[in-house]
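A note on names: the letters A, B, ... follow the listed sequences, proteins ahead of strands, and every chain is numbered from 1.
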Amino acid sequence: MPERPSLDGLEAKWGAVWEREGTYRFDRSAPREHIYSIDTPPPTVSGSLHVGHVFSYTHTDTIARYQRMRGKHVFYPMGWDDNGLPTERRVQNYYGVRCDPSVPYNPNFQPPVGGGADANQQPVAVSRPNFVELCLTLTQSDEQAFEALWRTLGLSVDWSTTYTTIGRQAQRVSQRSFLGLLARGLAYQLEAPTLWDVDFQTAVAQAELEDRERPGAMHRVRFTPADGADGNGAGERGASGEGASGEGADGAGADGAGADGAGADGAGADGAGADADARERPQALIETTRPELIAACVALLAHPEDERHRALVGTDVFTPLFGTRVPVLTHAHVERDKGTGLVMVCTFGDLTDVTWWRELGLPVRAVLGTDGRLLEVPWGTPGWESRDVQRARASYDELAGRTINQARKRIVELLSDSGELVGEPQPVNRAVKFFEKGDRPVEIVTSRQWFIRTLEHRDALIARGRELRWHPPYMRARFEDWVNGLNGDWCISRQRFFGVPFPVWYPIDAGGAVLYDQPITPTLDALPVDPSTDVPDGYQPQQRGQPGGFLGDPDVMDTWATSSLTPQIVGGASTDAELLKKVFPMDLRPQAHDIIRTWLFTTVLRSQLDHDELPWANVAISGWVLDPDRKKMSKSKGNVVTPMHLLEEHGADAARYWAASGRPGTDTAFDVKQMKDGRRLAVKLLNASKFALAELPAPGSSLEHPLDRALIVRLAEVVAQATDSFEGYDYARALERTERFFWWYCDYYVELVKGRRYDPDPRVSASASLALRTSLSAFQRLFAPFLPFVCEEVWSWWQEGSVHRAPWPDAGELAALGRGGEELVLEVTADVLREVRKAKSDARQPMRAPVRSVLVGDGAERLDALRLAQDDLLLAGSIERLELREDGEFSVHVELGALG
RNA sequence: GGGCGCGUAGCUCAGUGGGAGAGCGCUCGCUUCACACGCGAGAGGUCGCAGGUUCGAAACCCGCCGCGCCCACCA
């Protein structure tokens, strides 16, 4: 035991011992019922860890350590999420490169000197294999830095079980699961409208969207009713949606072209005519924030019971500028009080457009390219008919090739010039959907993508969510809300490079057409495969891309499509069936609440589809770390606190104390003061241990003194509370209960027994020494999940082996040991001591100042209890005489000063 | 618009049917032999507002206000 115990250097000292001794090594020979397995979240390695990670990973670690002390063999791996877009973006910026799959592989490639330092420098195009190599290089160095931080923090991870989401095992598991889904018809590909990020040029999933407020403008635009539109036709044609689209529009196109010549002379005349007509003819005014999509308009919609538009419904109108004939239909989702009550359906402005387009069987008129610019469009050909092809062409030439924003600006000018814009655009703020990692709003474009069937499993997923034990329980509502709000199957393909490839090829027929509906799959033992370099069985490499040959699927899977399989990846699915059986389904998934709709949801889905059971029994949801102004810490806000210097300044135990004080699921403000409290607690534990262990109780001694027995009884209750809290995954409550009692113990119990403990007669001191050792043994173990370093240190002073493998204190054993102890003894004695201290403090006297006499008035029962410990009270208060008087009310009269 | 959570001392928060609490901060005092990274004492609150249930409400119920998050809408 050191002369002056210190916290300095404990992280390095015990970190090395734990590694050498394999303290946290998983023992796979243990039977399943003795195993506790944790589906650790793999942190994204692109970027750095921040205090939010320290926060939530500490929560998990306290659970892991508790379970280990309860005798469980804890399977606690660590993963790194290096797969996906964040890594690509980081590599692009770090090295100043971009991936171009058409560039051939260069085995001697060196990244550009200086990397992305010069922002004006054009990124260097590199081949896909070179790009992937750069991704791997950079993520490996990140992963080392992360591991160093976790070790300093004292996570009791088994560092021999790590994985990466781009690693071979992850790829194998991911591809194998995909092929299984494909074989069972649960994965399918479809050419369909898809959420699309125009900068990354990839499909994105519903779960990856977020709203951002953006200024926009509302434009009121006039469509021109077609000839013969009046109130008469409305009733008959309004009811049937489909009839109005296909052939109807086609026929009208020819008509319109002829009729046009007359009306198209001058915009002025047109406008005037429309105004004049308005009195007898219905108006076709719509409001839109996206006028650039007018060329993609396929219908106008009104609410079925909206009287204002009754005359128009069932007729056709012409789009402004382009003169495309579109039907006016009804749909129940149209809101009457929004805008004019008449809405334009485009292919596609938003997800509502997709719904309407699908439900009403409307045609597609796509104007938006995957690069976010307006496409060239063949006016006058089928699907692109106009009553004035020349005007349509002339107008559209002003837009083609422009970005969305440029096109919007220009078309507003055109509409204004033609008189088809009514009034001025009105500025509005509206929420726009963004890819959470993107910089421009997501668009919807039609493309071929892979999907996993999700909607049809909704009920089963809700049921699984109810089976799962949520900590805290109310978090389940977020899961159910999400599942109930799903509006499409899960799109898992991404047009990116650093990810798990789809393990399929497609035959190319003799005519050169790719047969996407006849995918060629590899055998399972060939996994993982990369179809962009590997060749399917029965083909030669030179047949790639040739008629009669094959083509590899160019896409990679979404990150979540792989990380939704983390339990199977760490559990050794497909390579280690024996391990899988021991750890899967897992006991615990710890994660933050913001990824319930992604990671949690997709993991439950995959486990449901592949195993028809839950992937884990419990999920523990942690909150976020907020900055002192209660804003979420995020890189973009620049309010992130990096953790390494915090650990160095305050110590790992102190940082863990702060983290473990944050209750499950609750967002917690970052607070250095709490770390200082943690450090105080750790120092206190050092010193209290030093005091308690200084004297050995005489052999064969027992807890004879009533105060000592009372202490042990009370300790047993605290152990029971801490244990219950941990069993309910409430580590914060366990810490709070333990800590509160510990400080009380130091301030009252230890002070009360000090005199007796110092008595030279071992028969007098034995009981106190034994109680001190017994209680410190419990405290050291109760605090071990929270303060692993200092607890290991103080444990090592007097015990063999690691405290982290010692058994968790047993409340029943302690209760038996203190049997007959009356808690009232502790309570009354402490009450009197407090009054004596108060008297000394009021008199500005030191605490060791002598007290001539103390007169205590109290009820008989309490006085009896006090008598049992009055020897300790006299010594602790330097009291020379104690008088007890039976009274209805507790009172203490203190007379300071020594006897004359 | 729907859902979830939160609102208690200056700050961070615990308390969930019967005394309004802890730590920090603040004030005063104490070199006390485990610890000055300490010890003792003190000041400080109409427990968001309003109603109800109850002998009794910070806690349970209803409504409202405020804050946060999630979802939907976003023409």
Side-chain angles (χ1 to χ4, degrees), chain A residues 1 4-7 210-211 213-214 216 218-221 286-290 293 300-301 333-335 338-346 349-353 356 428-433 472 474-482 484-487 593-594 596-597 623-624 626 628 630-632 650-651 654 658 661-663 665-674 676-694 732-733 736-737 739-740 743-744 746-747 750-751 754 757-758 772 833-834 836-849 878:
Chain A
M1 195 191 307
R4 277 194 66 85
S6 160
L7 298 177
E210 65 183 27
D211 287 346
E213 281 286 326
R214 284 293 179 273
M218 191 64 77
H219 309 80
R220 186 166 280 224
V221 178
I286 60 112
E287 285 196 351
T288 181
T289 57
R290 306 217 45 191
L293 295 178
L300 299 189
L301 297 184
H333 286 180
V334 177
E335 291 188 35
K338 243 181 201 157
T340 61
L342 202 56
V343 58
M344 160 174 91
V345 182
C346 302
D350 61 25
L351 289 170
T352 317
D353 279 346
W356 287 332
V428 289
N429 258 325
R430 69 235 167 81
V432 185
K433 292 254 182 269
Y474 62 79
M475 285 293 176
R476 195 191 75 203
R478 299 203 183 189
F479 175 81
E480 292 199 1
D481 282 358
W482 174 252
N484 285 325
L486 285 171
N487 57 27
H593 53 63
D594 56 331
I596 288 176
R597 65 176 182 168
W624 281 335
L626 310 175
R630 302 206 66 82
K631 296 275 178 283
K632 188 197 173 187
H650 302 283
W658 158 75
S661 302
R663 307 199 83 84
T666 306
D667 295 347
T668 302
F670 176 69
D671 190 359
V672 173
K673 284 186 296 190
Q674 288 233 28
K676 295 191 167 141
D677 290 347
R679 193 171 174 86
R680 285 177 62 232
L681 176 62
V683 169
K684 194 76 174 173
L685 192 59
L686 280 178
N687 288 309
S689 297
K690 182 184 162 199
F691 173 75
L693 303 177
R733 187 185 171 94
E736 192 258 337
R737 293 299 144 99
E739 188 197 3
R740 198 199 316 169
W743 283 104
W744 181 91
C746 289
D747 293 342
V750 172
E751 292 302 325
K754 238 178 206 174
R757 221 301 286 282
Y758 280 126
L772 285 167
L833 180 60
R834 186 180 305 111
V836 173
R837 284 171 168 173
K838 182 168 155 51
K840 292 180 180 177
S841 190
D842 288 348
R844 311 280 192 253
Q845 296 282 318
M847 286 303 124
R848 52 153 190 206
S878 309

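For A:Ala477, taking side-chain heavy atoms from C-beta onward, the closest of the listed nucleotides B:G40, B:G29, B:G3 is B:G3. For A:Arg679, whose side chain is taken as the heavy atoms from C-beta onward, the closest listed nucleotide among B:C37, B:G38, B:G29 is B:C37.
Residues forming a side-chain contact (heavy atoms from CB on, under 4.5 Å) with A:Asp350 (at least two apart in sequence, or on another chain): A:Thr352, A:Asp353.
Of the P atoms belonging to B:C49 and B:C11, the separation is 16 Å, rounded to the nearest Å. Atom name P, nucleotides B:C13 and B:C65: the rounded distance is 25 Å, in whole Å. Nucleotides B:U16 and B:G25 have their C1' atoms positioned 28 Å apart, rounded to a whole Å. Here, B:A58 and B:G21 have their C1' atoms 12 Å apart, quoted to the whole Å. For the C1' atoms, the distance from B:U46 to B:A9 is 13 Å, rounded to whole Å. As rounded to the nearest Å, B:G1 and B:A50 have C1' atoms that lie 25 Å from one another. Comparing the C1' positions of B:G10 and B:C26 gives a spacing of 9 Å, expressed to the nearest Å.
Note on A:Arg740: every side-chain N or O is 4.0 Å or more away from OP1 and OP2 of B:A14. In terms of phosphate contacts, A:Arg848 brings a side-chain nitrogen or oxygen within less than 4.0 Å of OP1 or OP2 of B:U32.
The side-chain heavy atoms of A:Arg848 and A:Lys840, taken from C-beta on, include no pair separated by under 4.5 Å.
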Reading RNA chain B 5' to 3', how would its secondary structure be written in dot-bracket notation, given Watson-Crick and G-U pairs with both distances under 3.5 Å, brackets [ ] for crossing pairs and | for partners on other strands? ((((((((.[[[[.)..(..]]]].(((((.......))))).....[[.[[..)....]].]])))))))....

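By the 30° and 60° cut-offs, the orientation of the rings of A:Trp624 relative to A:His593 is tilted.
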Contacts under 3.5 Å, N or O only, protein and nucleotides 70-74 of chain B:
from  : atom 1 : to       : atom 2 : distance (Å)
B:C71 : OP1    : A:Arg597 : NE     : 3.1
B:C71 : OP1    : A:Arg597 : NH1    : 2.1
B:A72 : OP1    : A:Gln206 : NE2    : 3.4
B:C73 : O2'    : A:Lys338 : NZ     : 3.0
B:C73 : N4     : A:Asp211 : OD2    : 3.1
B:C74 : OP2    : A:Thr352 : OG1    : 2.4
B:C74 : O2     : A:Ala431 : N      : 3.3
B:C74 : O2     : A:Ala431 : O      : 2.6
B:C74 : N3     : A:Ala431 : O      : 3.2
B:C74 : N4     : A:Lys433 : NZ     : 2.9

